Protein chains: 2
Amino acid sequence: MANITDIIEEYIKARLGRSSGGAIIFRRGELAEKFSCVPSQINYVLSTRFSSSRGYIVETRRGGGGFIRIIRIPLEESEELLDIVYEKIGDQVGINEAIGLIRYLFEEDIISRREAHLMETVIEVAAPDHSHPEARRNRAVILKSMLMVLLRHKK
Amino acid sequence: MANITDIIEEYIKARLGRSSGGAIIFRRGELAEKFSCVPSQINYVLSTRFSSSRGYIVETRRGGGGFIRIIRIPLEESEELLDIVYEKIGDQVGINEAIGLIRYLFEEDIISRREAHLMETVIEVAAPDHSHPEARRNRAVILKSMLMVLLRHKK
DNA sequence: TCGATAAAGGTCAGAAAAGGTCTAAAGGTC
DNA sequence: GACCTTTAGACCTTTTCTGACCTTTATCGA
């Protein structure tokens with residue numbers, strides 16, 4: 001259990017715990033240096049331990065001045081939405097289900113009318129081919145991404 | 001965030017914010033001197049951060065007495081939004097242009113921060129294959145659809 | 001007046017500075 | 001031994017930065 005992935009995971013969680021806004025930022029190369037591992041190891045840690053299904057958002061930028069930012073989504077108030085994201089939707093979703101979900105969010109006052117229209121339109125336009133499996137997967141990816149944004153930016 | 005480009009961008013935005021008419025003027029060489037960089041760095045900042053899709057007009061003059069003037073374009077009525085839809089975007093659009101535009105709308109208070117994040121995420125997720133022509137067309141379709149929603153449902 | 005010179009800014013290619021992806025091998029677990 | 005997780009490394013993409021070389025404009029002196 002002393003593998004480097006777990007150690008880095010703990011380190012990141014400790015820093016997130018100390019941080020004020022529930023977000024930290026660092027350079028991939030520096031972190032790799034600190035733990036004497038290859039940089040891609042950091043990506044492995046991020047994808048296995050800080051995925052969105054675990055309640056994290058990871059933002060990165062390449063090039064000079066590049067960075068990795070990890071944001072923790074406060075779970076207490078968001079569990080319902082996260083549940084929706086990872087249980088109801090899964091990795092594919094039909095158009096009616098998706099639209100139904102969006103309407104539900106509006107009725108529960110989780111999103112505004114305008115946001116609801118925005119989201120519905122996106123679903124219709126970006127994944128129009130109704131029952132094609134490819135479209136079902138695409139729709140799930142887009143819908144989940146949008147829900148993650150809502151989690152991050154409370155109304 | 002220790003890169004010069006971001007620092008110069010902030011400096012220019014601060015000066016624009018303080019300015020009365022939403023315009024500032026300076027000498028390229030002096031600015032470069034101030035930030036200890038080569039003059040062409042200023043051009044890089046201008047083209048990546050003060051493009052027209054982000055809501056700026058840049059005017060310059062060469063030779064003795066030359067200058068660079070940056071003008072912020074306020075965005076007021078929905079007619080201008082329609083203009084954007086039909087002129088700036090067209091039937092294909094790059095990712096940076098699209099995101100620049102979304103930020104512009106946010107800065108002009110036409111969309112909320114949450115809507116901006118929603119839209120940016122959609123653009124990134126739904127048309128990820130950056131420079132592929134198919135993705136460029138797809139991006140345009142999605143972006144225009146979203147803008148039409150904004151037009152119909154005022155903030 | 002007109003041509004040379006100085007004083008700007010513009011362009012472009014390439015280097016540098018990040019982070020991303022993919023695969024193969026190594027390590028664990030049952 | 002089969003299967004899953006972890007680790008390393010080769011190679012790729014994006015973004016920023018630098019410098020050499022080019023163009024435009026103003027001014028000054030013959």
Side-chain angles (χ1 to χ4, degrees), chain A residues 1-12 24-54 56-71 141, chain B residues 1-12 24-54 56-71 94-100 103 120 123-125 127-132 135-136 139:
Chain A
M1 183 27 141
N3 63 48
I4 247 208
T5 296
D6 290 335
I7 293 169
I8 296 173
E9 176 187 4
E10 286 314 310
Y11 168 80
I12 291 176
I24 62 169
I25 189 170
F26 55 84
R27 264 164 224 272
R28 186 181 75 154
E30 277 177 16
L31 204 60
E33 182 103 8
K34 184 181 185 98
F35 290 101
S36 311
C37 63
V38 293
S40 61
Q41 181 74 35
I42 305 300
N43 296 80
Y44 179 73
V45 175
L46 294 179
S47 60
T48 59
R49 310 293 205 266
F50 296 90
S51 60
S52 57
S53 61
R54 294 181 179 224
Y56 298 92
I57 290 174
V58 176
E59 293 175 345
T60 68
R61 182 140 126 219
R62 299 187 184 188
F67 60 79
I68 292 178
R69 176 185 291 131
I70 303 179
I71 303 156
V141 170
Chain B
M1 215 279 215
N3 56 8
I4 291 197
T5 297
D6 289 338
I7 293 168
I8 296 174
E9 176 188 4
E10 285 314 309
Y11 169 81
I12 292 176
I24 62 169
I25 189 169
F26 56 85
R27 262 161 225 268
R28 186 181 76 154
E30 276 176 17
L31 204 60
E33 183 102 9
K34 182 181 186 96
F35 290 101
S36 311
C37 63
V38 295
S40 61
Q41 179 75 38
I42 305 300
N43 297 80
Y44 178 73
V45 175
L46 294 180
S47 62
T48 60
R49 308 292 204 267
F50 297 90
S51 60
S52 68
S53 62
R54 282 164 121 99
Y56 299 92
I57 289 176
V58 176
E59 294 173 346
T60 66
R61 177 123 130 241
R62 301 185 182 189
F67 60 81
I68 292 178
R69 188 190 345 255
I70 302 179
I71 305 161
I95 195 153
N96 287 325
E97 251 179 300
I99 288 187
R103 301 238 164 111
E120 278 187 36
I123 288 295
E124 275 162 13
V125 170
D129 200 348
H130 281 204
S131 52
H132 197 279
R136 287 179 60 88
R139 203 151 32 221

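Naming: A, B, ... by sequence-line order, numbering from 1 per chain. For clarity, every value in this text was computed on a predicted model and none was experimentally measured.
Contact annotation: A:Arg61 side-chain N/O to D:dT16 OP1/OP2 distance is under 4.0 Å. Contact check, A:Arg27 against C:dA18: a side-chain N or O comes under 4.0 Å of OP1 or OP2. Distances shown here put a side-chain N or O of A:Thr60 below 4.0 Å from the OP1 or OP2 atom of C:dG20.
Without hydrogens or angle criteria, B:Arg139 side chain to B:Ala127 main chain gives a donor-acceptor distance under 3.5 Å. Using a distance-only test at 3.5 Å, with no hydrogens or angles considered, no donor-acceptor pair links the side chain of B:Ser51 to the main chain of B:Thr48.
The separation between A:Ile4 atom CD1 and C:dA26 atom C1' is 15 Å, rounded to whole Å. When rounded to the nearest whole Å, the span between CD of B:Glu30 and C1' of C:dA7 equals 12 Å. Summarising the geometry, the separation between CD on A:Glu9 and P on D:dT5 is reported as 14 Å, rounded to the nearest angstrom. Taking atom CD1 on A:Ile42 and atom P on C:dA18, their separation rounds to 15 Å, with Å as the unit. Distance, B:Gln41 CD to C:dG10 P: 14 Å, rounded to whole Å. One atom, CG of A:Asn43, and another, C1' of D:dC12, lie 13 Å apart when rounded to the nearest Å. Rounded to an integer number of Å, the gap from CZ of B:Phe67 to C1' of D:dT25 is 11 Å. Straight-line distance from the CD1 atom of A:Ile68 to the C1' atom of C:dA18: 10 Å, rounded to whole Å.
Taking a 6.0 Å sphere around CD of A:Glu59, one finds it holds more than 12 heavy atoms contributed by other residues, nucleotides or ligands.
Among C:dG9, D:dT6, D:dT15, the nucleotide with an atom closest to any side-chain atom of A:Arg49 is D:dT6. Closest contact between the side chain of A:Tyr44 and the listed nucleotides D:dA8, D:dT5, D:dT15 involves D:dT5.
Side-chain atoms of A:Arg28 come within donor-acceptor range of the base of C:dG20, with a qualifying N/O pair under 3.5 Å. Judged by distance alone with a 3.5 Å cut-off, no donor-acceptor contact links the side chain of B:Ser40 to the base of C:dG9.
Taking every heavy atom of both residues into account, A:Phe35 and A:Ile4 meet most closely at O-CD1, 3.1 Å. Heavy atoms only, all atoms of each residue included: B:Ile42 and B:Ala32 are closest at CD1-N, 4.0 Å.
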Which nucleotides of DNA chain C pair, in dot-bracket form (Watson-Crick or G-U under 3.5 Å, | meaning another strand): ||||||||||||||||||||||||||||||

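Taking a cutoff of 4.0 Å between a charged side-chain nitrogen and a carboxylate oxygen, B:Arg103 and B:Glu120 qualify as a salt bridge.
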side-chain contact (heavy atoms from CB on, under 4.5 Å) between A:Arg69 and A:Val58, worked out: CA-CA 6 Å; A:Arg69 176 185 291 131; A:Val58 176; over 6 Å; no

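Among the atoms of the strands shown, base atoms are found under 4.0 Å from some heavy atom of A:Gly64.
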